[in-house]
Amino acid sequence: DQQVKQNSPSLSVQEGRISILNCDYTNSMFDYFLWYKKYPAEGPTFLISISSIKDKNEDGRFTVFLNKSAKHLSLHIVPSQPGDSAVYFCAASAKFGATNKLIFGTGTLLAVQP
Amino acid sequence: KAGVTQTPRYLIKTRGQQVTLSCSPISGHRSVSWYQQTPGQGLQFLFEYFSETQRNKGNFPGRFSGRQFSNSRSEMNVSTLELGDSALYLCASSLGMAGANVLTFGAGSRLTVL
């Protein structure tokens with residue numbers, strides 16, 4: 001059962017335009033959400049996060065929006081640059097019993113065309 | 001500060017063999033998590049070790065095992081390899097438990113099972 005879903009396996013955007021990557025989750029216990037970016041032959045790197053007490057967090061060109069009622073979060077990249085081309089994973093965290101669990105989505109491959 | 005180091009980076013095994021992968025976390029990080037990445041499946045959580053104890057475990061068969069040493073270095077072992085075990089195995093370290101902290105990933109160990 002995939003608790004964190006990224007329904008778009010790929011996305012293509014023109015340089016300078018906005019990229020919107022989406023992520024849905026099923027468990028309302030998730031209280032912390034993160035986005036990671038992965039280039040080929042490298043490990044994922046942390047990009048941005050948001051706590052469930054917020055609905056928006058911004059860091060430069062990257063903004064994450066959280067809609068708790070819809071169990072949906074999105075990552076906006078404005079403006080998109082060719083160097084943003086990578087696989088983007090969303091992840092959700094919750095405390096289950098005595099431990100925190102972190103669950104990743106399946107990833108979205110973003111291609112930014114020059 | 002050195003990053004997360006995984007060895008070997010690439011390896012080829014045949015069905016039925018076993019393999020051991022190694023991960024050296026960032027100095028001071030006490031948690032090490034392991035993930036399997038396959039096309040279309042995203043990052044599947046294997047297990048997490050903190051202070052030499054397995055704290056979380058994913059839904060993988062018992063052929064997958066791991067351990068953590070007193071210096072926080074970790075190894076994972078896969079016995080009786082199957083073709084479906086071919087994947088990129090990623091290790092990540094964090095100061096505290098993975099669900100409450102940002103992960104720093106290594107570049108991964110690419111396993112091919114023939």
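Bear in mind the structure is a predicted one, so any value in this text is a computation, not a measurement. In what follows, every chain begins at residue 1, and chains take the letters A, B, ... in the order their sequences are listed.
Contact of Leu90(B) with chain A is made through the side chain alone, with heavy-atom distances under 4.5 Å. Contacts between Leu103(B) and chain A at a heavy-atom distance below 4.5 Å involve backbone atoms as well as side-chain atoms. Contact annotation for Phe50(B): neither backbone nor side-chain heavy atoms come within less than 4.5 Å of a heavy atom of chain A. Heavy atoms of Gln6(B) lying under 4.5 Å from chain A are absent altogether. Only the side chain of Tyr36(A) comes within less than 4.5 Å of a heavy atom in chain B; its backbone stays farther off. Within the 4.5 angstrom heavy-atom criterion, no atom of Pro9(A) approaches chain B.
The local environment of CG in Asn59(B) is sparse, with at most 12 non-hydrogen atoms from other residues, nucleotides or ligands closer than 6.0 Å. Within 6.0 Å of atom CZ in Arg15(B), 12 or fewer heavy atoms from other residues, nucleotides or ligands are found, so the atom counts as exposed in its surroundings.
When the heavy atoms of residues 82-95 of chain A are compared with those of chain B, the residues falling under 4.5 Å are Phe89(A), Ser93(A), listed by number.
Note on Gly43(A), Pro44(A), Gly107(A): by heavy-atom pairs under 4.5 Å with chain B, the leading option is Pro44(A). Across Gln44(B), Glu48(B), Gln37(B), the residue that shares the most heavy-atom pairs under 4.5 angstrom with chain A is Gln37(B).
Within the structure, the disulfide (SG to SG under 2.5 Å) test picks out the following pairs touching residues 8-114 of chain B (sequence neighbours left out): Cys23(B)-Cys91(B). A disulfide (SG to SG under 2.5 Å) check over residues 36-72 of chain A, counting only residues at least two apart or in different chains, returns nothing.
Taking the six-membered ring where the residue is Trp, the centroids of Phe60(B) and Phe47(B) are separated by 6.0 Å or more.
Remark: the Trp35(A) side chain and the Ser49(A) side chain contain no N/O donor-acceptor pair separated by less than 3.5 Å. Checked by atom type, the side-chain pair Asn67(A)/His72(A) shows no donor-acceptor distance below 3.5 Å.
For the side-chain hydrogen bond (donor to acceptor under 3.5 Å, both in side chains) test with His29(B), the passing option among Ser72(B), Ser94(B), Ser93(B) is Ser93(B); the others fail. The only option from Gln54(B), Arg67(B), Gln68(B) that meets the side-chain hydrogen bond (donor to acceptor under 3.5 Å, both in side chains) definition with Tyr49(B) turns out to be Gln54(B).
Scored by the salt bridge (Lys or Arg N to Asp or Glu O under 4.0 Å) test, Arg9(B) finds no partners at all (sequence neighbours excluded).
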